[in-house]
Amino acid sequence: MIRFLLRRLALTIPTFIALMFITFVMVRLVPGDPIEVRRGERGISPERLAQLRHEMGLDQPVWKQFLDYANGLLHGDFGTSLVSKSPVLHEFFTLFPATVELTLTAMLFAVVLGVPAGVIAASRRGGFYDQTLMGLALTGYSMPIFWWGLILVLVMSNTLGLTPVSGRTDLINYFYDPVTGFALIDSLLSGQEGAFGDAVHHLILPMIVLGTLPLAVIARMTRSSMLEVLEEDYVRTARAKGLSWTRVVGVHALRNALIPVVTVIGLQVGGLLAGAVLTETIFSWPGVGKWLIESINRRDYPALQGGIMLIATIVIIVNLLVDMLYGLINPRIRHAR
Amino acid sequence: MPGDASLPAAAAAPAPPGPFRAFWRAFRENRGAVLGLAVVGFILFVAVFAPLLAPYSPIEQFRGFSKLPPFWVEGSDPRFILGTDAVGRDMLSRLMYGARVSLFIGLSVMVVSMVAGVALGLSAAFFGGIIDVIIIRVMDLIMAIPSLVLAILIIAIIGPNLANTIAAVTVVGLPRYVRLVRASALTELTRDYVTAARVSGVGRFRLMTVTVLPNCLAPLIVQAALGLSDAILEAAGLGFLGLGAQPPTPEWGAMLADTRDLMLSHPWVMAFPGLAILTTVLAINLMGDGLRDALDPRLRRS
């Protein structure tokens with residue numbers, strides 16, 4: 001097992017180095033000079049311009065800039081945002097809990113509904129429930145989430161008045177310190193009456209919007225994995241022993257059917273972060289997705305570089321963890337390598 | 001469409017059931033897939049003949065006719081069946097031309113991805129060694145960055161327009177094609193017929209393209225269908241963020257973004273472009289599921 005882990009870990013190192021190189025080069029290629037963007041706003045003298053360039057390290061040769069960048073990364077320095085002047089790492093992790101909260105609840109939503117939906121569809125193969133659930137899953141899978149978000153806002157917020165249109169908290173009525181950065185926990189810690197309910201209300205629509213695609217994927221995957229398992233001999237044996245159908249499906253079959261589903265759940269993380277960009281934009285959710293889009297518009301090189309670097313690193317780490325988990329629950333995998 | 005192409009071929013095929021007829025028989029069993037194919041055919045028809053079918057130009061602005069509702073809502077104008085947008089452009093015409101834009105993006109991405117995916121995937125499988133490692137590492141790298149974030153980054157660098165949307169969406173989706181081709185080619189390479197071909201002196205290039213490639217096609221066709229719908233969704237997402245086709249191009253995602261301010265007062269303006277995206281993508285996915293069941297016997301059981 002340890003050999004497998006080390007091997008898997010070693011494989012990520014070249015990916016990581018290439019990632020540093022590519023984020024650096026790509027961001028350098030973005031048209032528009034950050035200084036000129038600002039000079040357009042107010043007249044800056046040539047001396048001041050040179051001084052600013054020097055401060056930002058933009059007057060160094062490109063290879064030097066890259067080495068500084070790589071060296072900084074290894075020391076946890078992801079650069080300083082040109083706009084806010086605060087370290088990118090700090091800025092990222094201030095906003096990151098909002099994205100984590102959104103993606104985790106969306107994932108929870110997807111798993112809690114998706115696995116049972118898949119199990120029901122598989123155990124009623126070809127029947128009404130199967131066809132309805134799979135029809136819905138395919139629709140969810142095909143849904144443009146930005147439109148889905150707008151529709152939900154229109155119906156739930158504007159017509160029915162059930163949920164807020166955007167944001168994370170009702171700032172007029174509630175204010176609490178970001179102790180953990182998770183609105184659900186902070187609102188409870190604050191002890192303010194109604195704050196938690198308010199946080200939940202704000203979270204519901206973005207969660208549904210972001211969770212729809214993984215929900216559809218998980219439901220489809222659970223169904224097909226379940227169908228395969230249900231044909232196995234041990235399921236027939238369990239049935240022959242006289243165990244109830246519910247017990248056979250729910251315990252014997254489900255445990256084995258979930259192995260590929262776990263992988264799929266892990267693979268959704270990258271997709272969730274991509275979806276978070278759109279979801280956060282629609283709902284003005286103050287997370288890293290929205291921040292990244294804003295950084296592009298502001299030509300904030302370091303923020304972009306650091307942000308993409310951090311997001312990719314997180315995706316790599318999560319994929320690594322999923323692989324390990326997969327090795328743990330499925331011994332065939334770790335011995336095969 | 002691979003499905004479309006098979007129709008005349010199946011009809012013209014001589015008596016013994018050829019591969020196309022066998023495929024069509026399996027495909028026909030799946031009602032959803034046939035429905036998907038029909039809808040895709042219809043959308044394709046509208047896209048191709050948009051200039052003949054559309055009542056107006058998609059960019060012509062009718063003064064004094066802006067924000068008209070569709071025909072079943074009070075206050076509509078019979079000349080504009082699905083109403084008009086914020087600046088008085090005919091919704092139906094824009095949707096029809098939008099089908100052109102979306103399908104053009106989707107099909108271009110699909111063709112480029114297939115060609116590049118086959119070239120890279122086969123090279124990785126056949127040459128192995130350092131070439132394989134480099135190709136696979138680069139693909140892993142692309143997959144490590146969330147698709148839309150990478151697409152946005154690419155667009156930020158090369159600028160937002162139709163061609164660049166195609167480029168960005170292609171790069172983002174490429175790893176799946178490459179890995180698929182590589183994996184199927186590696187499996188095929190262990191088969192006896194490949195050894196036989198090698199022994200009989202078939203050259204490497206011929207072995208790659210003529211001997212092995214046709215046997216990797218089934219999963220590739222399925223991937224192409226699913227890749228087509230993904231590409232359309234991805235491109236619409238970019239359009240929605242203002243990073244895709246630029247105005248006044250009638251792109252469905254961009255049309256949605258235009259209507260965000262109007263959403264509350266004139267909800268129908270928002271309804272149609274989204275519905276068009278959903279219908280198209282859903283139809284392609286239905287068709288793709290049918291293709292998978294018909295072409296890939298290993299997956300047929302599920």
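Below, read A as the first sequence line, B as the second, and so on, with proteins coming before strands; counting in each chain starts at 1.
Side-chain N or O atoms of A/Ser225 include one that pairs as donor or acceptor with a backbone N or O of A/Ala257 at under 3.5 Å. The main-chain N or O of B/Gly244 is found under 3.5 Å from a side-chain atom of B/Gln246 such that the two form a donor-acceptor pair. The closest donor-acceptor contact from the side chain of A/Trp147 to the backbone of B/Met270 lies under 3.5 Å.
Summarising the local packing, CZ of B/Arg179 is surrounded by 12 or fewer heavy atoms from other residues, nucleotides or ligands at distances under 6.0 Å.
Looking at B/Leu141, the atoms closer than 4.5 Å to chain A (heavy atoms on both sides) sit in the backbone and in the side chain alike. For a residue to count as touching a neighbouring chain, one of its non-hydrogen atoms must lie under 4.5 Å from one of that chain's; by this rule A/Leu292 touches chain B with the side chain only. Neither the backbone nor the side chain of A/Leu272 comes within contact range of chain B, judged by heavy atoms closer than 4.5 Å. Both the backbone and the side chain of A/Leu138 come within contact range of chain B, with heavy atoms under 4.5 Å apart. Residue A/Ile282 touches chain B through both its backbone and its side chain, counting heavy-atom pairs closer than 4.5 Å. Proximity to chain A (any heavy atom under 4.5 Å) is shown, for B/Ile232, by neither the backbone nor the side chain. Neither the backbone nor the side chain of A/Phe16 comes within contact range of chain B, judged by heavy atoms closer than 4.5 Å. Both the backbone and the side chain of B/Ser147 come within contact range of chain A, with heavy atoms under 4.5 Å apart.
Options B/Asp230, B/Thr279, B/Leu243, B/Leu148 differ in how many heavy-atom pairs under 4.5 Å they form with chain A, and the most are formed by B/Leu148. Looking only at heavy-atom pairs under 4.5 Å with chain B, the residue among A/Leu273, A/Ile316, A/Leu19 that has the most is A/Leu19. In terms of heavy-atom pairs under 4.5 Å with chain A, the best-connected choice from B/Leu275, B/Ile277, B/Val133 is B/Leu275. Top candidate by heavy-atom pairs under 4.5 Å with chain B, chosen from A/Leu150, A/Val277, A/Thr313, is A/Leu150. The residue among A/Met226, A/Arg220, A/Gln131 with the most heavy atom pairs within less than 4.5 Å of chain B is A/Arg220. Put simply, of A/Val315, A/Ile145, A/Ile311, the one with the most heavy-atom pairs under 4.5 Å next to chain B is A/Val315.
Of all heavy-atom pairs spanning B/Ala276 and B/Leu95, the tightest one is CB-CD2, 4.2 Å.
For the salt bridge (Lys or Arg N to Asp or Glu O under 4.0 Å) test, no residue two or more places apart in sequence or in another chain qualifies with B/Asp258.
Between A/Gln305 and A/Val88, the closest side-chain pair of non-hydrogen atoms is not below 4.5 Å. For the pair B/Val178/B/Val138, no side-chain contact is recorded, criterion being any heavy-atom separation below 4.5 Å from C-beta on. No side-chain heavy atom of A/Phe146 sits under 4.5 Å from any side-chain heavy atom of A/Val209.
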